Amino acid sequence: MDIIKIAILGIAGVLIAIPLKKEKAEYGIFISMAVCICIFFYILTKVETVMEFAGRIQSMVSVDGRYIALILKMVGITYVAEFAVNICKDAGFSSIGSQIEIFAKLSILVVSVPVLTVFLETIGSFL
């Protein structure tokens with residue numbers, strides 16, 4: 001099971017980083033970041049499954065592929081931003097993390113403009 005591998009990797013990283021935090025705090029942060037990056041790359045291997053599922057949904061429902069791609073972009077922005085924000089906050093740079101969060105929210109808004117436009121056009125056609 002994949003979750004067991006990830007959990008063991010995370011726990012091992014924490015157990016290695018804790019003793020180093022007392023003597024050399026920067027090493028503990030580096031180990032934490034390395035473990036996070038390893039887990040993130042492992043997550044990326046799962047993206048293929050999600051993409052296949054999105055393709056099946058697109059073939060079952062008559063939805064334009066652009067909208068499914070936009071939704072996947074929004075989810076991707078959310079995950080990447082959350083990952084970066086948590087690393088920044090763990091390293092003690094919460095102000096940078098907050099700026100990443102704001103940028104991610106604005107990016108999602110920009111990506112969603114075509115969907116909102118079609119939504120408003122649809123509502124306008126009913127009125």
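Just so you know, these numbers use all the heavy atoms, side chains as well, and skip hydrogens, waters and symmetry mates. Quantities reported herein were computed from a predicted structural model and do not represent experimental measurements.
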Exercise for review: Find the distance between CD1 (Ile100) and SG (Cys88) and round it off to the nearest 0.5 Å.
Suggested key: 4.0 Å
Point to revise | Cluster link Val110 to Leu120, ILVMFWY, side chain under 4.5 Å | key: no
Check your understanding: Is there a path from Ile87 to Phe40 through hydrophobic residues (I, L, V, M, F, W, Y) whose side chains come within less than 4.5 Å of each other?
Key -> yes
Review point. Is there a chain of hydrophobic side chains (I, L, V, M, F, W, Y, each step under 4.5 Å between heavy atoms) that links Leu70 to Phe53?
Key: yes
**Study point:** side chain to side chain contact (heavy atoms under 4.5 Å, CB included) partners for Leu9, two or more places apart
**Key:** Val35, Cys38, Ile39
Exercise for review: Provide the full list of salt bridge (Lys or Arg N to Asp or Glu O under 4.0 Å) pairs with a residue in residues 74-96, sequence neighbours left out, each pair given once.
Suggested key: none
Review point. Would the number of heavy atoms belonging to other residues, nucleotides or ligands and lying under 6.0 Å from CD of Glu26 be above 12?
Key: yes
Point to revise | side chain to side chain contact (heavy atoms under 4.5 Å, CB included) partners of Ile16, counting only residues at least two apart | key: Leu20, Ile31
Check your understanding: Which pairs, with at least one residue in residues 65-77 and sequence neighbours excluded, count as a salt bridge (Lys or Arg N to Asp or Glu O under 4.0 Å)?
Key -> Asp64-Arg66
Practice item. Starting at OG of Ser32, measure out to CD1 of Ile37 and round the result to the nearest 0.5 Å. Key: 9.5 Å
Exercise for review: Check whether any side-chain N or O of Thr117 sits under 3.5 Å from a backbone N or O of Val113 as a donor-acceptor pair, and report yes or no.
Suggested key: yes
Point to revise | Shared hydrophobic cluster for Leu72 and Phe83 (ILVMFWY, side-chain gaps under 4.5 Å) | key: yes
Practice item. Identify, with sequence neighbours excluded, every residue that meets ring-ring contact (aromatic ring centres under 6.0 Å, His included) alongside Tyr79. Key: none
Review point. Which atoms form the tightest heavy-atom contact between Gly28 and Ala17, and what is the distance?
Key: O-CB, 3.8 Å
Practice item. Mark yes when over 12 heavy atoms from residues, nucleotides or ligands other than Glu48 sit less than 6.0 Å from its CD; otherwise mark no. Key: no
Practice item. Just jot down the side chain to side chain contact (heavy atoms under 4.5 Å, CB included) partners of Ser112, sequence neighbours excluded, or say none. Key: Met74, Leu109, Leu116
Point to revise | side chain to side chain donor-acceptor pair (under 3.5 Å) partners of Tyr27, counting only residues at least two apart | key: none
Review point. Looking at residues at least two apart in the chain, or sitting in another chain, which of them share a side chain to side chain contact (heavy atoms under 4.5 Å, CB included) with Tyr42?
Key: Asp2, Lys5, Ile6, Thr45, Lys46
Review point. Does Ile77 belong to the same Ile/Leu/Val/Met/Phe/Trp/Tyr cluster as Ile71, with side-chain heavy atoms less than 4.5 Å apart forming each link?
Key: no
Check your understanding: Under the ring pair (Phe, Tyr, Trp, His ring centres under 6.0 Å) rule, what pairs show up with a residue in residues 87-127, not counting sequence neighbours?
Key -> none
Review point. Other hydrophobic cluster members with Leu106, side-chain heavy atoms of Ile/Leu/Val/Met/Phe/Trp/Tyr under 4.5 Å, chained?
Key: Ile102
Practice item. Return each pair, listed once, that meets side-chain hydrogen bond (donor to acceptor under 3.5 Å, both in side chains) where at least one residue sits in residues 98-110; pairs must be two or more places apart or across chains. Key: none
